[in-house]
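Notes for the one structure printed next.
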Amino acid sequence: MNVVHVGFIGLGVMGRPMALRLAASGTPLVVWNRSPQRAEPLRAAGAEVGADAAEVFARAEVVLLMLADEAAVDAVLGRGTPGFAARVAGHVVVHMGTTSPEYSRALETDVRAAGGRYVEAPVSGSRVPAERGELVAMLAGEESAVDVVRPLLAPLCRETFVCGAAPNALLMKLSVNLFLITLVTGLTEAFHFAGRQGLDRGLFLDVLDAGPMASAVSRMKSPKLREGDFAVQAAALDVLKNNRLIAGAAREAHLASPLLDACHALFEETVSLGHGGEDMVAVLRAIEARTATATP
């Protein structure tokens with residue numbers, strides 16, 4: 001069996017635990033991050049640390065990108081510069097972040113024109129599932145390239161789903177995120193309602209957990225609400241970014257998204273109140289602020 005050397009670029013809240021699981025699995029791994037200190041735990045775990053993104057591409061056949069946005073992806077690939085073709089030719093470029101489907105479609109065209117192969121592989125899950133290897137991956141792209149990438153994600157994911165051609169994986173991720181955003185916002189509003197009605201909010205969460213509406217998401221977010229723990233698993237600012245992407249895709253397809261639109265406003269308010277770096281349950285702060293200004 002041929003050993004595939006893997007590159008991993010982007011060691012943020014999600015990227016670092018994902019890369020650490022790859023290193024622990026014995027995957028030959030070279031990593032790079034714009035902030036060098038983020039790579040030190042990977043070095044300690046046995047991964048090689050590249051001096052720059054170019055070194056990662058020089059040493060790996062498959063390069064996983066877990067980057068914040070479209071500008072970061074373009075910068076790492078050198079897209080729009082003479083160095084882009086040399087960097088991606090002969091490589092499988094795996095886009096694991098969340099961007100607009102239109103961007104991904106155009107990126108695939110450019111990568112393939114430069115002699116590379118392209119796979120979308122966004123994941124569903126936050127920091128804790130990433131640490132546990134319990135993410136769910138959605139893959140899209142040329143079948144032969146997907147076949148290369150899918151087994152490499154085994155240390156990161158409890159399941160992987162092939163979604164067809166790009167950008168179907170990103171559209172699937174946006175569909176999943178629409179449900180997640182409305183689910184967590186609904187949980188948080190119900191928690192607020194119970195407390196303002198004079199109920200024991202801990203008891204409310206216990207009742208919820210004992211019933212048919214309990215889920216892995218509610219069991220992850222309920223303790224954070226109970227304890228007022230807004231340490232980030234999925235940041236409110238990232239949720240707002242996803243909300244905007246979903247809304248954009250909905251408008252492009254002439255689709256109504258009434259629940260999403262209500263959440264969009266609440267997450268904009270959460271970020272404007274200074275809670276963008278906190279977990280998405282900090283949407284509670286926006287709900288509390290609206291209650292404080294409600295007319296009696």
Side-chain angles (χ1 to χ4, degrees), residues 4 6-10 12-15 18-19 21-22 53 56-57 60-79 84 87-126 129-130 135-180 234 238 241-250 252-253:
V4 177
V6 176
F8 199 108
I9 298 177
V13 170
M14 292 290 290
M18 292 166 67
R21 289 197 63 87
L22 285 173
V56 174
F57 277 88
E61 298 100 328
V62 177
V63 180
L64 311 181
L65 306 177
M66 192 61 175
L67 297 164
D69 54 30
E70 299 167 5
V73 174
D74 286 347
V76 160
L77 295 178
R79 192 169 176 222
F84 173 74
R87 186 161 295 185
V88 305
H91 293 82
V92 180
V93 177
V94 186
H95 175 31
M96 300 193 75
T98 306
T99 61
S100 74
E102 293 78 14
Y103 170 83
S104 182
R105 186 184 289 112
L107 179 59
E108 179 186 40
T109 297
D110 289 352
V111 168
R112 294 181 69 172
R117 293 188 288 171
Y118 180 79
V119 173
E120 286 179 347
V123 293
S124 181
S126 56
L135 298 170
V136 175
M138 294 142 276
L139 290 82
E142 183 184 352
E143 185 176 353
S144 63
V146 169
D147 288 344
V148 170
V149 172
R150 194 176 191 183
L152 299 177
L153 302 184
L156 313 180
C157 301
R158 59 181 175 84
E159 289 200 58
T160 58
F161 294 91
V162 177
C163 301
N168 280 0
L170 271 168
L171 286 168
M172 187 70 75
K173 171 68 183 295
L174 296 182
S175 301
V176 169
N177 279 2
L178 194 163
F179 179 58
L180 173 65
D238 290 335
K241 169 196 154 185
N242 275 266
N243 208 316
R244 288 170 174 161
L245 290 172
I246 301 164
E252 182 74 18

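These figures come from a predicted structure and were not determined experimentally. Excluded from the calculations below are hydrogen atoms, water molecules and symmetry mates; all remaining heavy atoms, backbone and side chain alike, are included. Positions are given from 1 along the sequence.
Atom CE of residue Met96 and atom CZ of residue Phe8 lie 6.0 Å apart, to the nearest 0.5 angstrom. Taking CG of Leu180 as the start and CG of Leu174 as the end, the distance is 12.0 Å to the nearest 0.5 Å. Atom CG of Leu178 and atom CD1 of Ile246 lie 5.0 Å apart (nearest 0.5 Å).
Phe84 approaches Gly78 most closely through the heavy-atom pair CB-O, 3.2 Å. The heavy-atom pair separating Ala60 from Gly7 by the smallest distance is CB-N, 3.3 Å. Closest approach of Pro122 to Ala169, counting heavy atoms only: CG-O, 3.6 Å. Scanning both residues, Leu139 and Ala121, for their nearest heavy atoms gives CG-CB, 4.3 Å. Between Met14 and Leu135, the shortest heavy-atom distance links the atoms CE-CD2, 3.8 Å. Nearest heavy atoms, Met18 versus Ala130: CG-CB, 4.2 Å.
Taking Tyr118 as the reference, nothing meets the ring-ring contact (aromatic ring centres under 6.0 Å, His included) condition, with sequence neighbours excluded. Here Asp238 pairs with nothing under the salt bridge (Lys or Arg N to Asp or Glu O under 4.0 Å) rule; sequence neighbours left out. For Val148, the side chain to side chain contact (heavy atoms under 4.5 Å, CB included) partners two or more places apart in sequence, or in a different chain, are Val62, Arg117. The salt bridge (Lys or Arg N to Asp or Glu O under 4.0 Å) test applied to Arg79 returns Asp74, Asp110, not counting sequence neighbours.
For residues 150-174, no pair satisfies salt bridge (charged side-chain N to carboxylate O under 4.0 Å, His left out), with sequence neighbours left out. Each side-chain hydrogen bond (donor to acceptor under 3.5 Å, both in side chains) pair with one or both residues in residues 61-73, not counting sequence neighbours, appears once here: Glu70-Ser100.
Looking only at distances, a side-chain donor or acceptor of Glu120 sits under 3.5 Å from a matching main-chain atom of Leu170. At distances below 3.5 Å, at least one donor-acceptor pair connects side-chain atoms of Asn168 with backbone N or O atoms of Cys163. A donor-acceptor contact shorter than 3.5 Å is absent between the side chain of His91 and the backbone of Val63.
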Would you sort out whether Met66 and Val123 count as a side chain to side chain contact (heavy atoms under 4.5 Å, CB included), showing the intermediate values?
CA-CA 10 Å; Met66 192 61 175; Val123 293; 4.2 Å; yes
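Annotation: side chain of Leu77 is in contact with side chain of Val93 (closest heavy-atom distance under 4.5 Å). His95 is not listed as a side-chain neighbour of Val111, based on a closest heavy-atom distance of 4.5 Å or more. Within the 4.5 Å cutoff, the side chain of Val94 has no heavy atoms near those of the Leu152 side chain.
Other residues, nucleotides and ligands place more than 12 heavy atoms under 6.0 Å from the CD atom of Glu102.
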